[in-house]
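This one's a predicted model, so the numbers in the text were calculated from it and none came from an experiment. As a basis for the values below, the full set of heavy atoms in this structure was taken, side chains included, without hydrogen atoms, waters or symmetry mates. Throughout, protein chains are lettered first and strands after them, A, B, ... in sequence-line order, and every chain is numbered starting at 1.
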Number of protein chains: 2
Amino acid sequence: MKITIKEIAKEANVSIATVSMVINKKDQNITEVTRNRVLEVVKKYNYIPNAMAGSLVTQRTHIIGLVLPDITNPFFPGIARGAEDKANEKGYSIIFCNTDDKLEVQEKYIESLTKKMADGIIIAHSSSSEKMPEILERCKVPIILIDRDFDSESICGKVLVNNSKGAHMAVSYLVEQGYKKISYLSGPLKTRTAYERLEGYKKALWDNEIQFDEKLVKFGEYKIEWGQKGVKELLEEQEDFDAIFCGNDLIAIGAMKELKKKGYRIPEDIGVMGYDDIYIASLVEPSLTTVRQPNYQMGYKAMELLEERLKKAPGSYNAPSEMKTITLDTEIIVRNSVKTNKKVKP
Amino acid sequence: MKITIKEIAKEANVSIATVSMVINKKDQNITEVTRNRVLEVVKKYNYIPNAMAGSLVTQRTHIIGLVLPDITNPFFPGIARGAEDKANEKGYSIIFCNTDDKLEVQEKYIESLTKKMADGIIIAHSSSSEKMPEILERCKVPIILIDRDFDSESICGKVLVNNSKGAHMAVSYLVEQGYKKISYLSGPLKTRTAYERLEGYKKALWDNEIQFDEKLVKFGEYKIEWGQKGVKELLEEQEDFDAIFCGNDLIAIGAMKELKKKGYRIPEDIGVMGYDDIYIASLVEPSLTTVRQPNYQMGYKAMELLEERLKKAPGSYNAPSEMKTITLDTEIIVRNSVKTNKKVKP
DNA sequence: CTGAAAGCGCTTACAG
DNA sequence: CTGAAAGCGCTTACAG
């Protein structure tokens, strides 16, 4: 069936050791002539070495496990793509797994990855659980955490997003545009994102010497409907607001819909900021200004971190002192072509 | 470092052959006592066998390559998820690759998968190329094609979508609702999808004894802007139409936007059908009726096909006679809560 | 019912 | 500069 190193060696009249060296470019000590002879035979038979056999002796598979809740959730493809790009660059392959945020499933995948001798694991850990599954604790390979923070001895790196800073940027941007009474239509407070963004919102107000008014902060769901409802509530309660910082893009879309329905112009009358910069937002509300999550970067950086770790000797993997955390910043995407008339004077 | 079968065997006072048999459940011939002794030691040391070592002798890695243009394109996560679910069910892992529709990249990935001894490959082949890359032709493992058709000896299965039938269903649905002058706002005709959907559109008209009118068919891009522009054109040209079948959801969104702007009510005055059923559509136009692509099914079925093939002996893989094609049907997703007043009488 | 041995396809000291 | 040999961690006939 498939041709092996043995056949190549025989055909080229050299030992398999020589073939191996030529193929792996460890051939400083091989004559030009021999090398070429080998290379020719390799080409002639389209010989592709069996990496698994090699892995068995090198103890490196160049396989990385990427454990995500669900690739179908628009949040994750960017991460996957980033990780895959970096992996490819460095000669790694990525096995991906969908856990649906279920701990048993996650455990099963970790075990499968362990069996298949993955060199490392990048994981967006299930938020639902308070404790790291035992199997991860026991896991012998380097683990990089993404997006969701978590403390554990066995983690060798983290790549997180600065939600608080993102919110701070968003609110500061609104202030810069001249808005002063900024409402926050948040997602559910029990989510870490909502909480962190609330912190950023408060800090931005503080930094700009704007009084925090809790009546302007409302908690709902990360859905379009909540954006509509939230705006309705604000209007009904006759709150005095001139801008809305929305917990995510869906809320922003809902808010804009409702505002437009009531006859407000955006951003002239009322400013609106989204968060997450999902594809949909730019299609539905082409003028929506949003905070973009660095998803691609997150995946890319995670893989980068992992690769650096893997360059080291297997022994020194999980020294806790070696833990590295990267916190990525978000970015403001301004799409408003219309100028607000609330611009502050320079 | 990691414990091996040798240690387990020694600790349990049996040979490694026995341990292997117990672990792989080929233990019909092993005494209850021996088995338990082995199992105990396995548990004690949390022994997880090295699958790669096994693969070397069984010639099966239980790794499948999934080659896609770009996981970031909303069309693909569903496919990936479907494939992964089935793979997981059957004990396979999936390595995923993004080719960006570039042939060189695709070749590189195929080679990498070959090196890593993937048992099979599921591929959405780059549309840009006319010929199958040589490396795929040479590829020794079973290959399943998804979404994009292509002829090649080395293909052992295909999972495609019946675009023509999908369009037929969509147009028939509109007819059923009482609409009679149905326009088709298509994507670019050079794409296979646009062409096939056009065929379905024509056939549906024919089957319902409606005269085909080429002035009602317009080709543009798969974008919101084209939906708006297309409607504008139809109105300006004073075409007589009472429904629009749109080439995809984005076009449908644009069309609905424009129609509403001009004061038409949907679906009372004018019916609109989308195609693809992307997430965005249901958010933006909650009442839009669409044709749903069976993406998840496509991935799932592809993996199923592959797994069946892999159960057979390695020798019989690529017999062309064994080629199986699965054509999946689309599904109409009706979201209109409002009833059209054009309903045909029963 | 269980074990000794061969072998999967490589890499890597080590000798020469 | 190149080859013989050991070994990576398993599975699988084959003996007994």
Side-chain angles (χ1 to χ4, degrees), chain A residues 1-39 41-42 45-63 91 114-119 140 313-314, chain B residues 1-39 41-42 45-63 91 114-119 140 313-314:
Chain A
M1 307 229 349
K2 274 206 69 177
I3 196 152
T4 71
I5 198 171
K6 243 191 235 168
E7 275 102 43
I8 301 295
K10 198 198 274 179
E11 182 90 6
N13 258 312
V14 293
S15 73
I16 60 167
T18 306
V19 176
S20 171
M21 283 164 157
V22 170
I23 290 198
N24 296 305
K25 312 244 189 268
K26 301 195 170 170
D27 49 359
Q28 326 82 287
N29 294 330
I30 310 252
T31 349
E32 191 72 25
V33 201
T34 317
R35 193 207 334 273
N36 285 343
R37 187 142 36 90
V38 172
L39 255 20
V41 181
V42 164
Y45 289 96
N46 282 126
Y47 169 62
I48 296 179
N50 181 333
M52 289 312 155
S55 299
L56 198 53
V57 14
T58 59
Q59 301 283 22
R60 285 269 204 255
T61 53
H62 288 271
I63 289 176
T114 309
K115 265 192 200 156
K116 292 200 166 123
M117 298 282 120
D119 288 344
K140 293 291 179 295
Chain B
M1 307 220 357
K2 273 205 69 175
I3 196 154
T4 72
I5 198 172
K6 243 191 235 168
E7 275 102 43
I8 301 295
K10 198 198 274 178
E11 182 90 7
N13 258 310
V14 292
S15 73
I16 60 167
T18 306
V19 177
S20 171
M21 284 164 157
V22 170
I23 288 196
N24 296 304
K25 312 241 188 271
K26 302 194 173 174
D27 50 358
Q28 326 81 288
N29 294 328
I30 309 252
T31 349
E32 191 71 26
V33 201
T34 317
R35 193 205 336 272
N36 285 343
R37 189 142 36 92
V38 172
L39 255 20
V41 182
V42 164
Y45 289 97
N46 282 126
Y47 169 62
I48 296 179
N50 181 333
M52 289 312 154
S55 299
L56 198 54
V57 13
T58 59
Q59 301 282 22
R60 286 268 205 255
T61 53
H62 287 270
I63 289 177
T114 308
K115 266 192 200 156
K116 292 201 167 124
M117 298 282 120
D119 288 344
K140 293 290 180 296

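Atom C1' of nucleotide C:dG3 and atom CZ of B:Arg37 are separated by 13 Å, given to the nearest angstrom. For the pair A:Met117 CE and D:dG9 P, the computed distance is 9 Å after rounding to whole Å. The interatomic distance linking A:Met52 (CE) with D:dG9 (C1') rounds to 14 Å, in whole Å. Remark: P of D:dC8 and NZ of A:Lys116 are 24 Å apart, rounded to the nearest angstrom.
When side chains are defined from C-beta on, A:Ser15 counts as touching A:Thr18, because their heavy atoms get closer than 4.5 Å. Annotation: side chain of A:Lys116 is not in contact with side chain of A:Thr61 (no heavy-atom distance under 4.5 Å). Taking 4.5 Å as the limit, some side-chain heavy atom of B:Leu56 sits within range of a side-chain heavy atom of A:Asn50. In this structure, the side chains of B:Ile63 and A:Ile63 come closer than 4.5 Å at one or more pairs of heavy atoms. Side-chain contact between B:Glu7 and B:Thr4 is present, with heavy atoms from C-beta onward closer than 4.5 Å. Residues B:Tyr47 and B:Val41 form no side-chain contact, since every pair of their non-hydrogen atoms from C-beta on lies 4.5 Å or further apart.
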Pair assignment for DNA chain D - dot-bracket with | for other-strand partners, Watson-Crick or G-U under 3.5 Å
|||.||||||||.|||
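For A:Gln59, counting side-chain heavy atoms from C-beta on, the closest listed nucleotide (D:dC1, D:dG9, C:dT2) is D:dG9.
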Mark up nucleotides 10-16 of chain C, 5' to 3', with B wherever a protein heavy atom is under 4.0 angstrom from a base atom, S wherever such an atom reaches only the sugar-phosphate, and - elsewhere.
BBB----
Begin from the C-alpha positions of A:Glu32 and A:Asn36 and carry the test side chain to side chain contact (heavy atoms under 4.5 Å, CB included) through to its verdict.
CA-CA 6 Å; A:Glu32 191 72 25; A:Asn36 285 343; 3.9 Å; yes
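Identified under the salt bridge (charged side-chain N to carboxylate O under 4.0 Å, His left out) test for residues 10-21 of chain A, with sequence neighbours left out: A:Glu11-A:Lys44.
When the side-chain nitrogen and oxygen atoms of B:Thr18 are compared with OP1 and OP2 of C:dG3, one or more of them lie within a distance under 4.0 Å.
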